[in-house]
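Letters A, B, ... mirror the listed sequences (proteins, then strands); counts begin at 1.
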2 protein chains.
Amino acid sequence: MARWEPNARGRLEDAALDLFTERGYDKTTIAEIAQRAGLTERTFFRHFTDKREVLFGGSAHLHDVLVGAVAGAPAGAPPLTVVASALEQVGTLFEERRSFARRRQAAIKANAELLERELVKLAGLAEALDAALRARGTAEGPASVAAETGIALFRAAFTSWIAADDAADLSEYIRAAFARLHALALASSPK
Amino acid sequence: MARWEPNARGRLEDAALDLFTERGYDKTTIAEIAQRAGLTERTFFRHFTDKREVLFGGSAHLHDVLVGAVAGAPAGAPPLTVVASALEQVGTLFEERRSFARRRQAAIKANAELLERELVKLAGLAEALDAALRARGTAEGPASVAAETGIALFRAAFTSWIAADDAADLSEYIRAAFARLHALALASSPK
DNA sequence: GTAGGCGATGTCAGTCTCTGACATCAAGAC
DNA sequence: GTCTTGATGTCAGAGACTGACATCGCCTAC
């Protein structure tokens with residue numbers, strides 16, 4: 001057998017979320033997380049720069065998928081359409097993970113430091129979206145509006161999805177959010 | 001003479017900005033800041049919840065002025081106009097403080113933790129603007145768009161003002177930013 | 001098939017942020 | 001003049017994070 005159990009990082013993430021759920025973020029020490037994962041405090045900091053980062057490791061992946069999806073969208077597609085389909089693609093990553101997402105979101109909501117970090121991560125995603133759009137030729141104004149709007153809708157969809165108890169995928173919630181925006185835009189645009 | 005020199009909080013803020021400028025945020029300890037201010041580390045934490053907060057104490061004041069200005073705007077005024085004039089009012093608070101703002105912004109830009117905190121503060125201002133608009137009857141959608149747009153323009157204006165070397169007030173930069181937005185909107189709106 | 005390089009982890013010691021409990025002291029209230 | 005109060009100081013300690021160095025199994029080169 002291997003010298004070390006595999007997936008140290010994943011074990012740390014699981015242990016951390018469990019402990020945060022059980023007793024809260026600031027009542028949990030890194031030593032405890034590491035111990036539950038069968039590792040050392042020092043090793044925790046080799047995998048995560050920060051105590052908070054243990055809940056945000058996945059965002060790098062989101063980032064990559066998002067940027068890739070925008071880059072791979074058909075050439076002529078309008079910015080908001082590109083953003084919508086990129087976000088739907090991201091949504092599929094969350095299949096079968098609703099209960100995990102729920103627990104994670106509950107932990108974040110309960111702590112100001114974690115909320116702060118989440119805000120930063122979302123801003124980072126918006127910036128990445130913006131840059132990816134501009135890289136495919138979208139002009140500055142439309143790119144930033146589409147990026148910000150997209151992230152705002154993503155957040156709204158995510159919240160509804162977490163709260164809901166149906167069988168729907170996150171992607172469907174995202175699609176619905178964009179549809180609603182589209183309807184609003186049509187209804188309000190001066191003709 | 002008084003037992004303690006007056007304005008402990010201000011002295012801490014000054015000492016902190018000086019030290020951050022001289023040697024950087026994370027090469028500066030709180031003990032050093034306190035010592036330069038003629039105080040104790042423990043006292044620092046009575047004035048600021050956080051090491052970072054020493055650079056953001058002013059944002060509570062901005063918050064109040066902003067909310068007050070929105071509440072005091074003429075009843076019929078459209079949301080974006082209200083936001084613009086509230087932000088111009090805030091801009092006047094910065095008169096004669098450009099070099100301070102410049103040093104502060106340089107320190108923030110040089111450190112990820114400080115950038116994170118600034119992002120949070122700006123988001124808080126946007127939220128407050130939104131709430132203040134809704135309190136005077138603005139509908140949800142327009143309120144949040146006006147708030148977010150306003151903060152975005154404020155940030156842009158602030159950056160230009162910091163960078164510029166003219167005699168103009170921050171308020172003038174804010175006015176100009178809104179004028180530019182207005183022109184863009186007219187040019188793009190379908191007739 | 002063995003020597004050594006390499007990568008993941010452990011150990012240890014230390015710095016710094018942040019907190020709680022309690023002491024001190026001047027200024028104003030009465 | 002005593003008493004209360006608010007701002008500060010002192011002390012001790014927990015916990016986040018870092019740097020330096022040790023360990024140990026796997027893999028490659030020879």
Side-chain angles (χ1 to χ4, degrees), chain A residues 1-57 60 107-108 110-118 120, chain B residues 1-57 60 107-108 110-118 120:
Chain A
M1 95 181 168
R3 178 180 181 194
W4 300 290
E5 296 301 314
N7 194 25
R9 187 185 175 92
R11 270 153 48 218
L12 285 168
E13 290 171 343
D14 291 346
L17 183 51
D18 284 351
L19 287 166
F20 294 168
T21 303
E22 283 172 26
R23 65 179 83 154
Y25 176 79
D26 29 55
K27 300 279 183 195
T28 303
T29 74
I30 291 179
E32 290 166 340
I33 297 171
Q35 188 185 7
R36 181 170 296 204
L39 293 164
T40 310
E41 192 178 325
R42 192 67 185 85
T43 298
F44 179 96
F45 285 107
R46 290 210 179 83
H47 287 278
F48 305 100
T49 58
D50 226 51
K51 184 178 175 186
R52 317 181 199 175
E53 275 296 303
V54 73
L55 285 188
F56 295 93
I108 291 174
N111 182 275
E113 290 178 53
L114 293 173
L115 277 169
E116 189 167 329
R117 181 58 54 87
E118 180 170 65
V120 168
Chain B
M1 95 181 169
R3 177 177 181 197
W4 302 290
E5 297 301 315
N7 193 25
R9 188 185 176 91
R11 269 151 51 216
L12 285 167
E13 290 171 344
D14 290 346
L17 183 51
D18 285 351
L19 286 166
F20 294 169
T21 303
E22 283 172 26
R23 65 181 82 154
Y25 176 79
D26 28 57
K27 300 278 184 197
T28 303
T29 73
I30 291 179
E32 290 165 341
I33 297 171
Q35 189 186 7
R36 180 169 299 203
L39 293 164
T40 310
E41 191 179 325
R42 192 65 185 86
T43 298
F44 179 97
F45 285 107
R46 289 209 181 85
H47 287 279
F48 306 100
T49 58
D50 225 51
K51 183 178 176 186
R52 315 180 201 175
E53 277 295 303
V54 74
L55 285 189
F56 295 93
I108 291 174
N111 182 276
E113 289 177 54
L114 292 174
L115 277 169
E116 188 166 329
R117 181 58 55 87
E118 180 170 65
V120 168

Enquirer: Round to a whole Å and report the spacing from CD of B:Glu41 to P of C:dT15.
Expert: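 In whole Å, C:dT15 P and B:Glu41 CD are 14 Å from each other.
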Enquirer: Output the rounded distance in Å from CZ (A:Arg42) to C1' (D:dA16).
Expert: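 Roughly 12 Å, once rounded to whole Å.
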Enquirer: With rounding to the nearest 0.5 Å, note down the distance linking CG in B:Asp18 to CZ in B:Arg23.
Expert: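 Reported value, rounded in 0.5 Å steps: 10.5 Å.
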Enquirer: Of the options A:Asp50, A:Leu12, A:Leu39, which is the one that meets A:Phe44 in a side chain to side chain contact (heavy atoms under 4.5 Å, CB included)?
Expert: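 Looking at A:Asp50, A:Leu12, A:Leu39, the match for A:Phe44 under the side chain to side chain contact (heavy atoms under 4.5 Å, CB included) is A:Leu12.
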Enquirer: As a quick check of understanding, evaluate side chain to side chain contact (heavy atoms under 4.5 Å, CB included) for B:His47 and B:Thr43, giving each step before the final call.
Expert: CA-CA 7 Å; B:His47 287 279; B:Thr43 298; 3.8 Å; yes
Enquirer: Determine the minimum heavy-atom distance between A:Glu53 and A:Thr49, stating which atoms define it.
Expert: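 Looks like CG-OG1, 3.5 Å.
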Enquirer: Heavy atoms within less than 4.0 Å of DNA chain D: which residues of residues 24-40 of chain A have one? Give them sorted by number.
Expert: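 Within residues 24-40 of chain A, the residues near DNA chain D are A:Thr28, A:Thr29, A:Ile30.
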Enquirer: Got more than 12 heavy atoms from elsewhere within 6.0 Å of CD, A:Gln35?
Expert: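 12 or below, so no.
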Enquirer: From D:dG19, D:dA16, C:dC18, pick the nucleotide closest to the side chain of B:Asp50?
Expert: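 Of the candidates, C:dC18 comes closest.
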Enquirer: In whole angstrom, give the distance that lies between atom NE2 of B:His47 and atom P of D:dG6.
Expert: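 Atom NE2 in B:His47 sits about 14 Å away from atom P in D:dG6.
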Enquirer: Ignoring hydrogens and angles, are the base of D:dG6 and the side chain of B:Arg46 linked by a donor-acceptor pair under 3.5 Å?
Expert: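 Checked by distance alone, the answer is no.
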Enquirer: Look at A:Glu22 together with A:Lys27 and state whether they make a salt bridge at an N to O cut-off of under 4.0 Å.
Expert: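 Between A:Lys27 and A:Glu22 there is no salt bridge, as every charged N stays at least 4.0 Å from the carboxylate O atoms.
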Enquirer: Could you state the atom-to-atom distance from NZ of B:Lys51 to P of C:dT15 in whole Å?
Expert: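 Taking NZ of B:Lys51 and P of C:dT15, I get 16 Å after rounding.
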Enquirer: Atom CZ of B:Arg117 to atom P of C:dT17: distance rounded to whole Å?
Expert: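 So the two atoms are 14 Å apart, to the nearest Å.
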Enquirer: So how far is it from B:Phe56 CZ to B:Leu114 CG, rounded to the nearest 0.5 Å?
Expert: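 So the gap between those two atoms works out to 5.5 Å.
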Enquirer: May I have the distance from B:Glu53 (atom CD) to C:dT17 (atom C1'), rounded to whole angstrom?
Expert: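 After rounding, the gap between these two atoms is 15 Å.
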Enquirer: At under 4.0 Å, does any side-chain N or O of B:Thr43 touch on OP1 or OP2 of D:dG9?
Expert: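 Checking B:Thr43 against D:dG9: at least one side-chain N or O falls below 4.0 Å of OP1 or OP2.
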Enquirer: Over how many whole Å does the gap from A:Phe45 atom CZ to C:dG14 atom P extend?
Expert: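 So the CZ-P distance, A:Phe45 to C:dG14, works out to 19 Å.
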Enquirer: Let me know the distance between CZ of B:Phe44 and P of D:dT10, rounded to the nearest Å.
Expert: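 About 18 Å, once rounded to whole Å.
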